[in-house]
Amino acid sequence: MIQKHKAAWKEAAWIFGLSRLMILLFSYLSVTFLPMHHLASPVNYIVLKQCSNNLNCFLLSWWRSDAVHYVEVAYVGYVHHMPLTAFFPLFPLLIHGLGALLGGSIMADYAAGIILANICFYGVLVLFYQLLYKDFGRTIAKYALIYLAFAPYGLFFFAGYTESLFLLLSLAVFFFLRRGNTLDWWLAGLCGFLAALTRATGIVLLVPFLVLFVQKFGMRTIFVPEDWQQKLSASLSMALIPAGLLVYMLYLWITFGNPLVFHVEEAAIWQRYTAFPWVGVLDAIKGIIGMDRHFYSRDVADVTFTFVPLVALAIGWKRLPLHYSLFSVAMVLFVLCQPCEFEGLMSVPRYLLVIFPIFLIFALWSKSNRLTWQLVIPFIFFFVTNIVQFATYNWVA
């Protein structure tokens with residue numbers, strides 16, 4: 001057991017360090033030698049105007065899009081800016097706490113977001129390794145970490161986004177459920193509660209809970225009085241997951257008079273709506289066929305990096321434990337059923353990043369050294385490409 005923990009920290013350390021080094025290096029080279037793209041956002045434009053030298057531009061490379069919004073929530077809250085309710089509260093609360101220790105300014109909160117994202121991601125690597133080690137062995141666990149850290153959109157585990165925090169909490173749910181003691185059910189429920197306060201997709205963590213609940217107690221004996229204390233404990237701990245979402249909705253109800261204001265604002269500002277899972281895919285494909293000059297390259301990237309993980313999941317799902325497979329399917333449906341009106345698959349590749357069983361599938365395929373390089377090289381190529389795009393203020397998911 002001690003050896004497994006040491007191996008997890010060791011493997012996580014070099015993979016974490018190498019991936020962070022690549023992000024820093026290529027970000028610096030990008031802002032030094034490539035032109036900056038002026039996005040429409042006034043906030044981004046103001047920051048770009050402050051790039052008096054390469055070092056400033058480098059340090060502000062990750063002041064972008066959602067990272068800015070989380071800093072805004074951390075610094076001023078929701079009350080005076082209702083559209084920010086689309087960004088769930090746990091990550092901004094953590095940013096606010098660490099930012100206060102760093103000086104309590106907007107830039108302190110910006111730095112806090114990056115620090116928290118990277119601390120969480122190191123925890124992700126350690127926990128992911130431990131989760132896979134016993135069931136799949138050391139080699140598969142190591143390859144899964146490599147594919148995750150160097151995923152094409154893996155830079156979002158570095159910037160001040162919620163991907164790292166949400167994935168850490170999701171993995172913790174699976175980790176505690178796998179151990180399966182009475183206390184572990186409550187720890188898993190607590191992590192699910194926090195995940196639901198991080199992103200709306202946290203509600204999907206009910207799926208592995210339900211699957212393992214049925215597997216542990218049996219479908220035919222769920223309502224039998226035998227082991228009723230354990231069943232009650234597991235059921236109550238499971239209820240913590242929707243409770244996380246309900247707590248946020250209660251706050252919104254008290255503050256704005258509408259518990260669903262986060263959904264309303266997301267529809268109004270980001271033009272997301274509920275539809276069948278294929279609607280956004282078809283809209284993105286139509287954009288490619290129609291050669292829409294505004295979103296053509298983005299639609300190509302969205303379709304490509306949506307289909308690649310989905311095809312991998314479709315081919316490899318039988319090799320996964322049932323609760324991994326059903327969790328993945330539920331996450332995919334949740335994401336695809338919320339397309340964007342003006343760009344069907346906007347941000348979908350980033351949202352799929354937290355479906356960790358997909359990276360396990362790639363790792364399982366890596367028993368062949370030849371196939372490993374055929375997978376690793378494209379991963380790293382697009383990883384670097386997106387770092388460069390992001391650092392120069394081009395759109396990346």
Side-chain angles (χ1 to χ4, degrees), residues 39-41 43-44 64-70 72-73 78 81-92 153 156 159-163 165-167 170 195-206 242 244-246 248-249 251-253 256 258-288 290 292 294-307 309-310 328-355 395-397:
L39 293 178
S41 168
V43 176
N44 288 334
R64 285 285 307 279
S65 304
D66 289 4
V68 176
H69 296 315
Y70 283 113
E72 288 178 308
V73 176
Y78 295 112
H81 200 175
M82 194 180 300
L84 292 177
T85 56
F87 300 91
F88 277 44
L90 181 59
F91 192 54
Y153 291 85
F156 290 105
Y161 283 62
T162 57
E163 270 67 23
L165 175 60
F166 182 81
L167 183 52
S170 298
L197 281 172
T198 304
R199 294 167 76 160
T201 45
I203 198 71
V204 174
L205 290 167
L206 278 170
L245 179 60
L246 291 174
Y248 184 46
M249 291 172 65
Y251 164 78
L252 296 177
W253 189 17
F256 299 104
N258 183 357
L260 295 175
V261 67
F262 69 93
H263 181 71
V264 173
E265 292 300 329
E266 192 163 24
I269 306 298
W270 286 272
Q271 297 183 38
R272 291 197 179 275
Y273 62 100
T274 303
F276 290 111
W278 55 82
V279 171
V281 176
L282 293 177
D283 285 346
I285 293 174
K286 288 176 183 176
I288 295 172
D292 185 333
H294 293 292
F295 299 111
Y296 176 78
S297 61
R298 287 161 60 164
D299 281 331
V300 170
D302 289 341
V303 170
T304 301
F305 292 103
T306 296
F307 270 96
L310 294 189
S328 301
V329 171
M331 282 289 290
V332 167
L333 291 175
F334 192 106
V335 170
L336 291 182
C337 287
Q338 296 292 318
C340 176
E341 286 189 9
F342 58 86
E343 185 184 346
L345 295 176
M346 185 180 72
S347 299
V348 167
R350 173 163 64 89
Y351 296 152
L352 297 179
L353 193 62
V354 297
I355 307 179
W395 173 258
V396 181

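We use all heavy atoms of the structure for the numbers below, so side chains are in, but hydrogens, waters and symmetry mates are not. The shown structure was predicted, so the numbers you read here are calculated from the model rather than taken from an experiment.
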Please confirm whether the backbone N or O of [Y] pairs with a side-chain atom of [X], one donor and one acceptor, at under 3.5 Å?
X: Tyr248; Y: Thr85; value: yes
X: Arg272; Y: Gln338; value: yes
X: Thr306; Y: Val303; value: no

*Given side chain to side chain contact (heavy atoms under 4.5 Å, CB included), test Tyr273 with Val279 step by step and report yes or no.*
CA-CA 11 Å; Tyr273 62 100; Val279 171; 3.4 Å; yes
*Going through the distances and angles, do Asn258 and Glu265 end up as a side chain to side chain contact (heavy atoms under 4.5 Å, CB included)?*
CA-CA 11 Å; Asn258 183 357; Glu265 292 300 329; over 6 Å; no
*Identify the heavy atoms of Ile203 and Pro242 that sit nearest to each other, and give their distance.*
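Shortest heavy-atom separation between Ile203 and Pro242 comes out as CD1-CA, 3.6 Å.
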For the residue pair [X] and [Y], establish whether any side-chain heavy-atom pair is separated by less than 4.5 Å.
X: Thr274; Y: His263; answer: yes
X: Pro89; Y: Val73; answer: no
X: Phe91; Y: Arg199; answer: no
X: Val348; Y: Val335; answer: yes

*asked:* Under a 3.5 Å threshold, yes or no: a donor from one side chain and an acceptor from the other, between Glu72 and His69?
replied: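 Short answer, yes.
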_Nearest 0.5 angstrom please: Leu205 CG to Phe166 CZ, how far?_
5.0 Å
*Would you please classify the geometry between the Tyr251 ring and the Tyr78 ring as parallel, tilted or perpendicular, with 30° and 60° separating the classes?*
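Ring orientation, 0 to 90° scale: tilted.
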*Please state whether the rings of Phe156 and Tyr161 are parallel, tilted or perpendicular, taking 30° and 60° as the class boundaries.*
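Judged by the thresholds at 30° and 60°, the geometry between Phe156 and Tyr161 is perpendicular.
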_Does Phe307 have more than 12 heavy atoms from other residues, nucleotides or ligands lying within 6.0 Å of its CZ?_
no
*Checking side chain to side chain contact (heavy atoms under 4.5 Å, CB included) for the pair Leu345/Leu336: CA distance, chi angles, key distance, verdict?*
CA-CA 8 Å; Leu345 295 176; Leu336 291 182; 4.0 Å; yes
*What do the steps show when you test Ser297 against Trp395 for side chain to side chain contact (heavy atoms under 4.5 Å, CB included), and what is the final call?*
CA-CA 10 Å; Ser297 61; Trp395 173 258; over 6 Å; no
